[in-house]
Number of protein chains: 2
Amino acid sequence: MHRMVATNARVLAQMRKGIVEFCVLAHLRHGEAYGREIAGTLANDPAVLTSEGTLYPLLARLRKQGWVETSWTPSDSGPPRRYYALTEDGAAALEAFTAAWGPFHSAVTAILEDDG
Amino acid sequence: MHRMVATNARVLAQMRKGIVEFCVLAHLRHGEAYGREIAGTLANDPAVLTSEGTLYPLLARLRKQGWVETSWTPSDSGPPRRYYALTEDGAAALEAFTAAWGPFHSAVTAILEDDG
DNA sequence: GGTCCGTACCTTGCATAACAAGACAGGCTG
DNA sequence: CAGCCTGTCTTGTTATGCAAGGTACGGACC
């Protein structure tokens, strides 16, 4: 069953594409957060996020699109942190995604369950 | 709203990644089918599939992985058709994906809805 | 028998995104 | 100064969806 595990990891990675981004936006509704904080929370939550190699490029994209704003804040115990905050555009994008997600996951679930 | 539409198309394309493949496998549980037939059904269903440029490379991958077997059959009205049938490995892969899909979509839905 | 159209397969080139691995740097403790 | 934890970010790999277009078979119509 070696292959199963490897296959599964690859399959999961593909499944996440285009979705992790919006999980990060959703997380930011709770307020500002910095990179490793987001990474920690989302990695625990469901294993929606696995690596910082995913997160930082993703955050850079969000910034370029104007979906988040950032501010540097010194830390008591380590290097300064870059805090990310949701913008209005970001909130709108998140709403649009949420609206699309419902029908999409229903459709996929229906296809998978349709044993007919 | 021009931007909304364009953005949505890109977002949807990413969302499909790694999932269309298993929708095709799921469709094949109903019995053999050929390319354009699958394309037609899945494109109607929910807009899970948009183009043959997606489908044929995908079917080639499934064949290489041994998840489907194919057979050529002459057609009464046009060129011969290549029919695709699910193999045991393919059915197992589909089951594994279905098992992963449940927790995944629940987790994403929870994160999106968590307004806390 | 030549031309057009619909059916059917497949390929090429591009854009996007997740990931592993690791580079770089601040600040603390010994 | 060395070692470690905390942070941010980059590089190279891999996988996939998609638009556009290429090839080919067969029937209908002049």
Side-chain angles (χ1 to χ4, degrees), chain A residues 6-25 33-40 42-43 47-65 67-68 70-84 97 104 108, chain B residues 6-25 32-43 46-65 68 70-84 97 104 108:
Chain A
T7 297
N8 242 342
R10 255 189 27 234
V11 166
L12 289 185
Q14 292 304 323
M15 197 151 81
R16 285 189 256 271
K17 289 206 174 176
I19 293 187
V20 183
E21 193 171 334
F22 293 96
C23 292
V24 169
L25 287 182
Y34 65 98
R36 289 182 69 87
E37 190 182 359
I38 300 171
L42 286 188
V48 150
L49 179 70
T50 63
S51 140
E52 295 182 353
T54 300
L55 183 63
Y56 284 103
L58 184 162
L59 288 171
R61 285 200 304 274
L62 296 180
R63 212 180 345 150
K64 273 173 204 148
Q65 287 177 300
W67 290 357
V68 298
T70 68
S71 56
W72 286 95
T73 307
S75 162
D76 287 347
S77 62
R81 297 165 173 171
R82 183 174 220 166
Y83 277 85
Y84 294 81
F97 178 84
F104 176 75
V108 172
Chain B
T7 297
N8 242 342
R10 256 191 23 236
V11 166
L12 288 185
Q14 291 305 322
M15 198 150 80
R16 284 189 256 271
K17 288 205 174 178
I19 293 187
V20 183
E21 195 171 333
F22 293 96
C23 292
V24 170
L25 287 182
E32 288 193 333
Y34 64 98
R36 290 182 69 87
E37 191 181 358
I38 300 171
T41 307
L42 286 188
V48 150
L49 180 69
T50 63
S51 138
E52 295 183 355
T54 301
L55 183 63
Y56 284 105
L58 184 160
L59 288 170
R61 285 199 305 273
L62 295 180
R63 212 180 344 150
K64 271 172 206 150
Q65 286 177 301
V68 298
T70 68
S71 55
W72 287 95
T73 306
S75 161
D76 287 347
S77 62
R81 297 166 174 171
R82 183 174 221 166
Y83 277 84
Y84 293 81
F97 178 84
F104 176 75
V108 172

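Note on naming: letters A, B, ... go to the chains in the order of the sequence lines (proteins, then strands), and numbering restarts at 1 for each one. Everything quoted here is computed from the prediction, not taken from an experiment.
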Quiz item: Pick the nucleotide of DNA chain C nearest each of B:Pro80 and A:Thr50; which residue has the one closer to the 5' end?
Solution: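 Its nearest nucleotide lies further toward 5', so the answer is B:Pro80.
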Exercise. Take A:Val48 and A:Gly78, find for each the nucleotide of DNA chain C with the closest heavy atom, and name the residue whose nucleotide sits nearer the 5' end.
Key: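 It is A:Val48 whose nearest nucleotide is closer to the 5' end.
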By the 4.0 Å heavy-atom rule, please label [X] as base, sugar-phosphate, or nothing.
X	answer
A:Thr54	base
B:Gly18	sugar-phosphate
A:Tyr84	sugar-phosphate
B:Gly35	sugar-phosphate
B:Glu21	sugar-phosphate

From the list [options], which nucleotide is the closest neighbour of the side chain of [X]?
X	options	value
B:Ser51	D:dC18, C:dC10, C:dC19	D:dC18
A:Ala13	C:dC10, C:dC19, D:dC18	C:dC19
B:Tyr34	C:dA8, D:dG7, D:dA19	C:dA8

Rounded interatomic separation in angstrom, taking [atom1] from [X] and [atom2] from [N]:
X	N	atom1	atom2	result
A:Leu58	C:dT16	CG	C1'	12 Å
B:Leu59	C:dA8	CG	P	14 Å
A:Glu52	D:dT8	CD	P	8 Å
B:Glu37	C:dC9	CD	C1'	15 Å
A:Lys64	C:dT16	NZ	P	11 Å
A:Lys17	D:dA15	NZ	P	9 Å
A:Leu55	C:dA21	CG	C1'	16 Å
A:Arg16	D:dT14	CZ	P	19 Å

Return no unless some side-chain N or O of [X] is found under 4.0 Å from OP1 or OP2 of [N].
X	N	value
B:Arg82	C:dC10	yes
B:Tyr56	C:dT11	no
B:Arg61	D:dG17	yes
A:Ser77	C:dG27	no

How far does [atom1] of [X] sit from [atom2] of [Y], to the nearest 0.5 angstrom?
X	Y	atom1	atom2	answer
A:Gln14	B:Gln14	CD	CD	10.0 Å
B:Gln65	B:Glu21	CD	CD	6.0 Å
A:Thr54	A:Leu42	OG1	CG	11.0 Å

Practice problem: Would you kindly compare A:Gln14 and A:Pro79 by the position of their nearest DNA chain D nucleotide and give the one closer to the 5′ end? | Solution: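 Its nucleotide being nearer the 5' end, the pick is A:Pro79.
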Decide yes or no for [X] and [Y]: does some side-chain heavy atom of the first lie under 4.5 Å from some side-chain heavy atom of the second?
X	Y	result
B:Tyr84	B:Leu59	yes
B:Val68	B:Leu25	yes
B:Val48	B:Ile19	no
A:Phe22	B:Val11	yes
B:Thr50	B:Arg16	yes

Quiz item: Mind pulling the stems DNA chain C is in, i.e. runs of at least three Watson-Crick or G-U pairs, everything under 3.5 Å?
Solution: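 If one scans DNA chain C for consecutive Watson-Crick or G-U pairs, the stems found are C:1-30 with D:1-30.
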